[in-house]
Amino acid sequence: MGTGRRAASLPVSFFRRDPVTVARELLGMTLVTGVGRGRTAGRIVEVEAYLGAEDPASHAFEFRRHAQNAALYGPAGTWYVYLSYGMHWCANLVAGPPGHGAAVLLRALEPIEGLPAMRRRRGTFPDRLLCAGPGRLCQALGITRALDGTRREAGTALVIPPASGGSPEIAVSRRIGLTRAADWPLRFTIRGSPWVSRRVVER
DNA sequence: GCGCCGATTGGCT
DNA sequence: GCCAATCGGCGCC
């Protein structure tokens, strides 16, 4: 919230670890956009890990590479933003070893700051759905392809660790909406959060 | 060149 | 629960 606390930048070493660890540790952190004008922020409550070359659901499966996913092969901590179904932006943070194409997809936020701006961008929907889904959260926070390929330090979108407190309790479930590798348990949510995109079904 | 498919969403049956 | 919207990549003719 408007505490003015310092936005300590996460080190590259945070993102260079395996994508599952990065995904779990991103839960509870705050994503901020529009710093300086029209600031919006939300607490990360749902993420998914995509493992890269060996993951059939990853855009980097078998090192597949094209103009739109070049950012996936950038340094850990790079933003990878892609257009889903021709209409919705989805935001990832590159994780793991360089060149492997692993990433963490941001799937849902608890809206924290700038709700009027979020509502304006999203239109007339219940607040419950402002950031409940990868496409919705990008729309609410104004994230587009412009963020793609930039580093987390760039300042257009910041990920900020909580000022204090322990790590949240995490629920693990299968990834959403996939046709390949659909049952891999790589979706991570903050247990009990009402802001997730879909109901959490643990195995 | 053409048709199909997808890490989604919202509206309608 | 079903399906169209919309577009880039890919497989195939």
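Letters go in sequence order (proteins before strands), and every chain restarts at 1. Remember, it's a predicted structure, so these values are computed and weren't measured experimentally.
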Heavy-atom neighbours of A:Arg198 CZ exceed 12 at 6.0 Å: no

Integer-rounded Å distance: C:dC7 P and A:Leu83 CG: 8 Å

Verdict with supporting geometry, A:Thr189 and A:Glu46, side-chain hydrogen bond (donor to acceptor under 3.5 Å, both in side chains): CA-CA 4 Å; A:Thr189 54; A:Glu46 175 180 345; over 6 Å; no

Integer angstrom distance from the P of B:dC5 to that of C:dC13: 15 Å

Over all atoms of both residues, closest heavy-atom pair of A:Arg180 and A:Ala57: O-CB, 3.5 Å

Residue pairs fulfilling ring pair (Phe, Tyr, Trp, His ring centres under 6.0 Å) with at least one residue in residues 93-136 of chain A, sequence neighbours excluded: A:Phe63-A:His100

Pair A:His59 and A:Tyr50, ring centroids less than 6.0 Å apart: no

P-based separation of B:dT13 from C:dA5 [nearest Å]: 15 Å

Sole residue of A:Arg175, A:Arg107, A:Arg174 in salt bridge (Lys or Arg N to Asp or Glu O under 4.0 Å) with A:Glu48: A:Arg107

Strand-adjacent residues in residues 59-75 of chain A, judged by heavy atoms under 4.0 Å from DNA chain C: A:Arg64, A:His66, A:Gln68

Distance test, side-chain N/O of A:Arg180 to OP1/OP2 of B:dC5, below 4.0 Å: no

Separation of atom CH2 in A:Trp89 from atom C1' in C:dG8, rounded to whole Å: 11 Å

Distance, rounded to the nearest Å, where A:Arg198 contributes CZ and B:dG10 contributes P: 12 Å

Separation of atom OH in A:Tyr50 from atom C1' in B:dG6, rounded to whole Å: 11 Å

Contact under 4.0 Å: A:Arg145 side-chain N or O vs C:dG8 OP1/OP2: no

Check: A:Tyr85 side chain, B:dA7 base, donor-acceptor under 3.5 Å: no

Interatomic distance, A:Met87 CE vs C:dT6 P [rounded to whole Å]: 7 Å

A:Gln139 side chain to A:Arg122 side chain, donor-acceptor N/O pair below 3.5 angstrom: yes

Sugar-phosphate, base or nothing in reach of A:Arg122, heavy atoms under 4.0 Å: sugar-phosphate

For atom NE2 of A:His88 and atom C1' of C:dG8, their distance in whole Å: 15 Å

Earlier contact from the 5' end, DNA chain B, for A:Gln139 and A:Thr179: A:Thr179

Short side-chain N/O contact to B:dA7 OP1/OP2 from A:Ser84, under 4.0 Å: no

Interatomic distance at P, C:dG11 relative to B:dA7, whole Å: 15 Å

Shortest non-hydrogen separation from A:Ala23 to A:Phe188 and the atoms involved: CB-CD1, 3.9 Å

Base paired to B:dA7 (Watson-Crick or G-U; both N/O distances under 3.5 angstrom): none

Distance test, side-chain N/O of A:Arg107 to OP1/OP2 of B:dT8, below 4.0 Å: yes

Spacing between A:Arg175 atom CZ and B:dG6 atom P, to the nearest angstrom: 14 Å

Separation of atom OH in A:Tyr82 from atom P in B:dT8, rounded to whole Å: 6 Å

